[in-house]
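Written out below as C-alpha cells is the structure these notes cover.
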Amino acid sequence: MARNKLIIANWKMNFDMHQSSIFLHKLSTKIGIYNNIDIILSPSIFTLQSLSLQVNHNQFKLAAQNFYWRDQGAFTGEVAISQLRGIVQYALVGHSERRNIFHESDKDIRAKVAAAIRNDIRPILCIGETSDERNHGETSLVLNDQLVGGLANVSSEDIEKVVIAYEPVWAIGSGDNADPEQVQKAVKMIRTQVKHLYGEKVAKNIQVVYGGSVQPESAVDYMAVPGVDGLLVGGASLNLEKFEQIVQKIDNKVNK
Ligand code: PGA
C-alpha cells in the first residue's frame with residue numbers, strides 16, 4: 001500500500017489565537033480534502049484546543065510542537081502529551097530548535113517519543129546535522145546517533161507510528177536549502193539505519209519527510225526525491241499563498 005504523503009506546517013512561536021483561527025479559516029477554503037495527503041498543522045500549544053474545535057478533521061490533523069514526557073505531576077509550566085489526547089494526532093519531537101536552544105538531550109527525546117506512542121499520538125522525530133558536522137563528514141554519524149538515541153524505547157510493533165523528519169540544521173530558516181541529491185543521500189542513510197534497527201519491511205514503510213527552507217518553488221523537487229514522503233514547512237507555512245501553493249503543487253504531483 002502506498003504511504004500517505006504528509007505536509008506539516010510548523011508555525012513555531014507565531015500567530016495569536018485570533019490570527020491562528022483566521023489563518024485556518026482562510027486555508028480551509030483554499031485547499032481541498034485529500035485521501036492520500038495528510039495536512040498537519042502545528043500551531044502554538046495554547047491555540048490547540050480551540051483550533052481542534054474549529055478544524056475539519058477530514059481536512060487537517062493537528063500536531064503539538066512540544067510537550068513534557070511524564071503523564072502528570074508536579075511539573076510547573078509543562079503540558080503533558082496525555083493532556084493533548086483527543087486534540088492532536090501528531091507531535092514534533094527533537095526539533096533542532098528544541099535541541100539547540102532548549103538543550104534537549106537524546107534522553108529527553110527518546111522519553112518524548114515513547115510518551116507520544118503511549119498516548120496514541122504519532123511522534124515526528126526530527127533529526128539533522130549542523131553545517132560543521134556536514135563539513136567534517138559526520139552527517140551519517142549524526143543521523144545514526146540521533147536515530148538510535150530517539151528510537152531506543154520504540155518496539156517493532158510501534159515503529160511505523162513514528163515519522164522521521166530529516167531537517168539539516170543549516171537549512172532551517174536560512175534560505176540555504178539542501179540540494180535534492182543531498183536529501184536523497186541522507187534519506188537513504190536514514191532508511192538504511194532503520195533497516196539495521198527494525199528490518200527491511202519497516203525501512204520501506206516508515207514515513208520520512210524533508211524540512212528546511214521549503215518554498216513553493218522547491219516543494220515538488222523534494223517530493224520527487226526517492227524515499228521522501230512529505231515536507232515539514234516552517235517560514236512558508238505562515239504565508240497563506242505560499243502554503244496553499246505548496247499543497248496545490250503536491251496535490252498536482254500526487255493526484256493529477
Ligand atoms: P523553515 O523551518 O521552513 O523555516 O526552514 C522548517 C522547520 O524548522 O521545521
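When a ligand or atom number is given, it counts from 1 through the structure's own listing order.
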Suppose I only count heavy atoms of [X] and a 4.0 Å limit; which atoms of ligand 1 are within that range?
{"X": "H95", "value": "7 (C), 8 (O), 9 (O)"}
{"X": "N10", "value": "9 (O)"}
{"X": "L232", "value": "9 (O)"}
{"X": "G212", "value": "5 (O)"}
{"X": "K12", "value": "2 (O), 7 (C), 8 (O)"}

Polar side chain donor-acceptor pair, Q65 to K12, under 3.5 angstrom: no

Pair N4, Y34: side-chain N/O donor-acceptor within cut-off below 3.5 Å: no

Going by an N to O cut-off under 4.0 Å, is there a salt bridge joining K112 and E104? yes

Mind checking whether A171 contacts ligand 1 via backbone (N, CA, C, O), side chain (CB onward), both or neither, at a 4.0 Å heavy-atom cut-off? backbone

Mind checking whether G173 has a heavy atom under 4.0 Å from ligand 1? yes

For atom 9 (O) of ligand 1, which protein heavy atom lies nearest, and how many Å away is it? E167 OE2, 2.8 Å

Shortest protein contact, atom 3 (O) of ligand 1 (heavy atom only): G234 N, 2.8 Å

Using a cut-off of 6.0 Å, state whether more than 12 heavy atoms not belonging to D16 lie near its atom CG. yes

Could you tell me if R98 sits above the aromatic ring of F102, with its cationic atom closer than 6.0 Å to the ring centre and no more than 45 degrees from the axis? yes

Over-ring placement of K61 relative to Y90, 6.0 Å and 45° cut-offs: no

Quick one: sort the F23 and W11 rings into parallel, tilted or perpendicular, breaks at 30° and 60°. perpendicular

Where the closest heavy atom to atom 4 (O) of ligand 1 is concerned, which of A9, G235, S213, A236 has it? G235

